[in-house]
J.: 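This is the structure I want to talk about, given as structure tokens.
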Amino acid sequence: MSPMVKTPLALEHALLGFVRERPMHAYEIFQTLAQSEELGLVWRIKQSQLYALLARLEDAGFLASTIETQDTRPPRKILHLTASGEAALTRWLVAPVQHGRDFRLDFLAKLYFARRDPGGALPTLLTAQRAASEALIAQLQDRVAALAPGRVYDRLVLLFRVGQLAAILDWLATCEAELSAAEPLPD
């Protein structure tokens, strides 16, 4: 049996997004996350967890580091995005979230960085997410239609999930309207 290959999680991809904007040291990333009014609405992360995730990304080859000397302070490790890290981040930015339960954390992180993506990931992400959500609704509606008449609870659960996805589709339309009207982000 081969060992399980771990792929980066949403939060790890977001860390790649910070380093893509410019090389940073770990504490600087922590401060950015802690002080971000935007991402602060979505996540909280402990410093020790952040350092462990960054080490995992470096071990996986998504980040590389250089040592920067400082006059009277200890040297610090500056993290840089590697080519494989760039590729992983680019793939993640345009891939739709596949489960409604992951939408708040995963999609909102993607949205944050897709808006900043120099390659124009935002329209691709929004289109892909809309299509994925519509496909999930269709699958759930098929499951509802196939239920035996006495499966009331199952029907209610599936209809709840359809309602969540319908709300997500409405919100995606709001996103597209608001973002198309918004001022571009500064470089």
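Everything numeric in this text was worked out from a predicted model, so none of it was measured.
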J.: Could you check whether atom CZ of R155 has more than 12 heavy atoms from other residues, nucleotides or ligands sitting under 6.0 Å from it?
T.: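 Atom CZ in R155 is not packed in, count stays at 12 or less.
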J.: Check whether more than 12 heavy atoms from other residues, nucleotides or ligands sit under 6.0 Å from atom CD of E178, and answer yes or no.
T.: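 No - once you tally the heavy atoms of other residues, nucleotides and ligands closer than 6.0 Å, there are 12 at most.
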J.: Determine, for Y112 and R116, whether the Lys NZ or Arg CZ falls below 6.0 Å from the six-membered ring centre while staying within 45 degrees of the axis.
T.: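 Relative to the ring axis of Y112, which defines the angle, R116 lies inside both limits.
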J.: For residues L15 and V19, determine if any side-chain heavy atom of one lies less than 4.5 Å from a side-chain heavy atom of the other.
T.: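 When only atoms from C-beta onward are counted, V19 and L15 do not touch, as no gap falls below 4.5 Å.
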J.: Look at R143 together with D154 and state whether they make a salt bridge at an N to O cut-off of under 4.0 Å.
T.: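 No, R143 and D154 are not salt-bridged.
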J.: Decide yes or no for L79 and L57: does some side-chain heavy atom of the first lie under 4.5 Å from some side-chain heavy atom of the second?
T.: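 No, every pair of side-chain atoms sits at 4.5 Å or beyond.
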J.: Can you find a heavy atom in the side chain of R20 that is under 4.5 Å from one in the side chain of T90?
T.: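 Touching, per the 4.5 Å side-chain cut-off.
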J.: Would you check if the side chain of K110 reaches a backbone N or O of W92 as a donor-acceptor pair within less than 3.5 Å?
T.: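 Checking the backbone N and O of W92 against the side chain of K110, a donor-acceptor pair under 3.5 Å is found.
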J.: Could you label the plane-to-plane angle of the F113 and F18 rings as parallel, tilted or perpendicular, counting under 30° as parallel and over 60° as perpendicular?
T.: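 Ring orientation, 0 to 90° scale: perpendicular.
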J.: Examine L165 and L159 and state if one hydrophobic cluster contains both, with Ile, Leu, Val, Met, Phe, Trp and Tyr joined whenever side-chain heavy atoms are less than 4.5 Å apart.
T.: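 L165 and L159: one cluster.
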J.: When hydrophobic residues are tied together by side-chain contacts of less than 4.5 Å, even through go-betweens, does L105 share a cluster with L50?
T.: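 Looking at the clustering, L50 is in the same group as L105.
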J.: Is the Y51 to Y27 ring centre distance short of 6.0 Å?
T.: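 They do not qualify: ring centres at least 6.0 Å apart.
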J.: Of the options R76, H25, E58, which is the one that meets S65 in a side-chain hydrogen bond (donor to acceptor under 3.5 Å, both in side chains)?
T.: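 When side-chain hydrogen bond (donor to acceptor under 3.5 Å, both in side chains) is applied between S65 and each of R76, H25, E58, only E58 qualifies.
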J.: Would W171 and L125 show up in the same hydrophobic cluster when neighbours are defined by side-chain heavy atoms closer than 4.5 Å?
T.: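 Yes, W171 and L125 fall within the same hydrophobic cluster.
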J.: Linking I/L/V/M/F/W/Y whenever any side-chain heavy atoms sit under 4.5 Å apart, do L140 and L169 land together?
T.: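 L140 clusters together with L169.
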J.: So if you build clusters from Ile, Leu, Val, Met, Phe, Trp, Tyr with side-chain heavy-atom gaps below 4.5 Å, do F160 and F103 land together?
T.: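 The answer is no; the residues belong to distinct hydrophobic clusters.
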J.: Taking it one step at a time, do L122 and D117 satisfy side chain to side chain contact (heavy atoms under 4.5 Å, CB included)?
T.: CA-CA 7 Å; L122 184 59; D117 180 56; over 6 Å; no
J.: Would you please test L158 and R161 for side chain to side chain contact (heavy atoms under 4.5 Å, CB included) and show each step?
T.: CA-CA 5 Å; L158 293 172; R161 292 176 61 196; 4.2 Å; yes
